[in-house]
Amino acid sequence: MKKYTFYIALVLGLTVISCKKEEAPKPKVIYQDTSKAKTEVPEDTTQIEIADLPVTMEGTNYLIFPIGTISGDKKGIKSSYDSNSGYTVSNYSEYQITGYLKNLKFQEIGKDTIYALTDANVLIETATYLKSTADKTKKQLMVYSVADMDTNKDNKLDNNDIKSLYLSEISGKNFTKISMDFQELIDWNVLDNRHRLYFRTIEDTNKNGAFDKEDRLHYYYLDLLGKEWKAVAYQPI
């Protein structure tokens, strides 16, 4: 009996291992009908949109309201990404707002009007105020990490989709995409002595749906003081 039980356990164990081996990582890009990648993601009617209390960046004249969603169930309302956070949809550290945000809204201090950063369906993960640039040049700008396309075609925008780099004025105006479609943002930084924003992306050149060492890295910089925000490619290697 013990021997028979051992064989059953062995077969079950091998079956579980086999299933795990067959589970491939979910791709970030699905290439079938890529022309439809920008089609609108169906609205999730279970999600309720709420705003966090406003924050303001030091030295600026605008309030920023993070806008996110929470989900409802039969027991009431709970956070859509962290059940312990209650009604909070964002986090704020010095000069940066993070979360899984549907939008940001802006209000100039002393005025009543509140307006949205964008009317597009996006997911904003970070919004960073370029404080050092403002101190040196008086130009007040925000940099964003954004998912703006359902690249893996699962009918939702989340952190499994490609992240892109955006820029706007501190007022939220001129919200502009800087990186290229279908290139995943890796990182960025600012060199204040050159007034440039440098960033790297990766392109799935072997078209396997994932980003790996076989793919191509791209390098760009942007003149923050230029009349037009346009990424310029450069080749450091």
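Worth knowing before you read on, the calculation uses all heavy atoms, side chains too, and leaves out hydrogens, waters and symmetry mates. In what follows, residues are counted from 1 in the order of the sequence shown. Keep in mind it's a predicted model, so treat the numbers as computed, not measured.
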Quiz item: Does one side chain, of Tyr92 or Asp52, offer a donor that lies under 3.5 Å from an acceptor on the other?
Solution: no
Quiz item: Would you say Met180 and Tyr198 are hydrophobically clustered, going by side-chain heavy atoms of ILVMFWY under 4.5 Å?
Solution: no
Exercise. Indicate yes or no for a side-chain donor-acceptor contact from Asp150 to the backbone of Asn155 under 3.5 Å, with no hydrogens or angles considered.
Key: yes
Quiz item: If you take all heavy atoms of Pro66 and Val89, which pair is closest and at what distance?
Solution: O-CG2, 4.3 Å
Exercise. Measure the spacing between CG of Leu130 and CG of Leu141 and express it to the nearest 0.5 Å.
Key: 5.5 Å
Exercise. Indicate if Leu197 and Leu191 have the same hydrophobic cluster label, given that clusters are the connected sets of ILVMFWY residues with side-chain heavy-atom separations under 4.5 angstrom.
Key: no
Quiz item: Is the backbone N or O of Asp161 less than 3.5 Å from a side-chain atom of Lys163, with the two atoms forming a donor-acceptor pair by type?
Solution: yes
Quiz item: Same cluster for Ile67 and Val122 if Ile/Leu/Val/Met/Phe/Trp/Tyr side chains link at under 4.5 Å?
Solution: no
Exercise. Please check if atom NZ in Lys111 has more than 12 non-hydrogen atoms from other residues, nucleotides or ligands closer than 6.0 Å.
Key: no
Quiz item: How many angstroms lie between CG in Asn91 and OG1 in Thr126, if you round to the nearest 0.5 Å?
Solution: 12.5 Å
Quiz prompt | Where Ile30 and Asn152 come nearest, the two heavy atoms and their spacing | solution = CG1-O, 3.2 Å
Practice problem: Show your working on side-chain contact (heavy atoms from CB on, under 4.5 Å) between Tyr100 and Asp158 and close with a plain yes or no. | Solution: CA-CA 8 Å; Tyr100 296 111; Asp158 55 26; over 6 Å; no
Quiz prompt | Heavy-atom closest pair, residues Asn103 and Ala116 | solution = ND2-CB, 3.7 Å
Quiz prompt | Thr118/Asp148 under side-chain contact (heavy atoms from CB on, under 4.5 Å): CA gap, chis, key distance, verdict | solution = CA-CA 11 Å; Thr118 179; Asp148 60 0; over 6 Å; no
Self-check item: Euclidean distance, Glu58 CD relative to Asp135 CG, rounded to 0.5 Å
Solution: 7.5 Å
Quiz prompt | side chain to side chain contact (heavy atoms under 4.5 Å, CB included), paired with Leu222, selected from Val143, Leu167, Leu165, Val232 | solution = Leu167
Quiz item: When you look at CG of Asp119, are more than 12 heavy atoms from neighbouring residues, nucleotides or ligands closer to it than 6.0 Å?
Solution: no
Self-check item: Over-ring placement of Lys173 relative to Phe106, 6.0 Å and 45° cut-offs
Solution: no
Quiz prompt | Sidechain-backbone polar pair: Gln140 side chain, Gly59 backbone, donor-acceptor under 3.5 Å | solution = yes
Self-check item: Heavy-atom side-chain contact between Glu108 and Asn61 under 4.5 Å
Solution: yes
Quiz item: Do you know the tightest heavy-atom contact between Thr128 and Gln96?
Solution: OG1-NE2, 2.7 Å
Quiz item: Within the distance-only criterion (no hydrogens, no angle test), does the side chain of Thr56 pair as donor or acceptor with the backbone N or O of Tyr62 below 3.5 angstrom?
Solution: yes
Quiz item: Thr137 and His195: side-chain contact (heavy atoms from CB on, under 4.5 Å), yes or no, with the steps?
Solution: CA-CA 8 Å; Thr137 68; His195 309 306; 3.5 Å; yes
Exercise. Can you tell me which residue pairs pass the salt bridge (charged side-chain N to carboxylate O under 4.0 Å, His left out) test with a partner in residues 208-219, sequence neighbours excluded?
Key: none
Quiz item: Can you tell if the side chain of Ser90 reaches within under 4.5 Å of the side chain of Leu101, non-hydrogen atoms only?
Solution: yes
Quiz item: From Glu184 CD over to Arg200 CZ, what is the distance, rounded to the nearest 0.5 angstrom?
Solution: 12.5 Å
Quiz item: Rounded to the nearest 0.5 Å, how far apart are CD1 of Ile186 and OG1 of Thr201?
Solution: 6.5 Å
Practice problem: Side-chain contact test, heavy atoms from C-beta onward, threshold under 4.5 Å: evaluate it for Ile170 versus Met142 and give yes or no. | Solution: yes
Exercise. Starting at CG of Asp187, measure out to CG of Asn189 and round the result to the nearest 0.5 Å.
Key: 7.5 Å
Quiz item: Has Lys105 got more than 12 heavy atoms of other residues, nucleotides or ligands less than 6.0 Å from its NZ?
Solution: no
Practice problem: Step through the shown structure and confirm whether more than 12 heavy atoms of other residues, nucleotides or ligands are within 6.0 Å of NZ on Lys139. | Solution: yes
Exercise. Examine distances only and state if a side-chain atom of Asp204 and a backbone atom of Gly209 form a donor-acceptor pair shorter than 3.5 Å.
Key: yes
Practice problem: Check Phe175, Tyr129, Trp188 against Tyr144 for a ring-ring contact (aromatic ring centres under 6.0 Å, His included) and give me the one that passes. | Solution: Phe175
Quiz item: Pick one: which of Glu203, Lys28, Gln183 meets side chain to side chain contact (heavy atoms under 4.5 Å, CB included) with Phe211?
Solution: Lys28
Self-check item: Leu53, CG: over 12 other non-hydrogen atoms inside 6.0 angstrom
Solution: no
Quiz item: Are any of the side-chain heavy atoms of Leu157 and Asn121 separated by less than 4.5 Å?
Solution: yes
Self-check item: Residue list, ring-ring contact (aromatic ring centres under 6.0 Å, His included) with Phe199, at least two apart or on another chain
Solution: Tyr220
Exercise. Report yes if some heavy atom in the side chain of Ile237 is under 4.5 Å from a heavy atom in the side chain of Tyr219; otherwise report no.
Key: yes
Quiz item: Are Leu185 and Met149 connected in a single hydrophobic cluster, I mean Ile/Leu/Val/Met/Phe/Trp/Tyr linked by side-chain heavy atoms less than 4.5 Å apart?
Solution: no
Exercise. Output yes when Glu49 and Lys102 qualify as a salt bridge under the 4.0 Å nitrogen-oxygen rule, no when they do not.
Key: no
Quiz item: Do Ser171 side-chain atoms and Glu169 backbone N/O form a donor-acceptor pair below 3.5 Å?
Solution: no
Quiz item: So if you build clusters from Ile, Leu, Val, Met, Phe, Trp, Tyr with side-chain heavy-atom gaps below 4.5 Å, do Ile178 and Ile202 land together?
Solution: no
Exercise. Over all heavy atoms of both residues, which pair between Trp229 and Asp223 is shortest? Give the atoms and the distance, please.
Key: CD1-O, 4.2 Å
Self-check item: Exercise: identify the closest heavy-atom pair between Met57 and Tyr95
Solution: SD-CA, 3.7 Å
Quiz item: For residues Asp192 and Thr133, is any side-chain donor paired with an opposing acceptor at under 3.5 Å?
Solution: yes
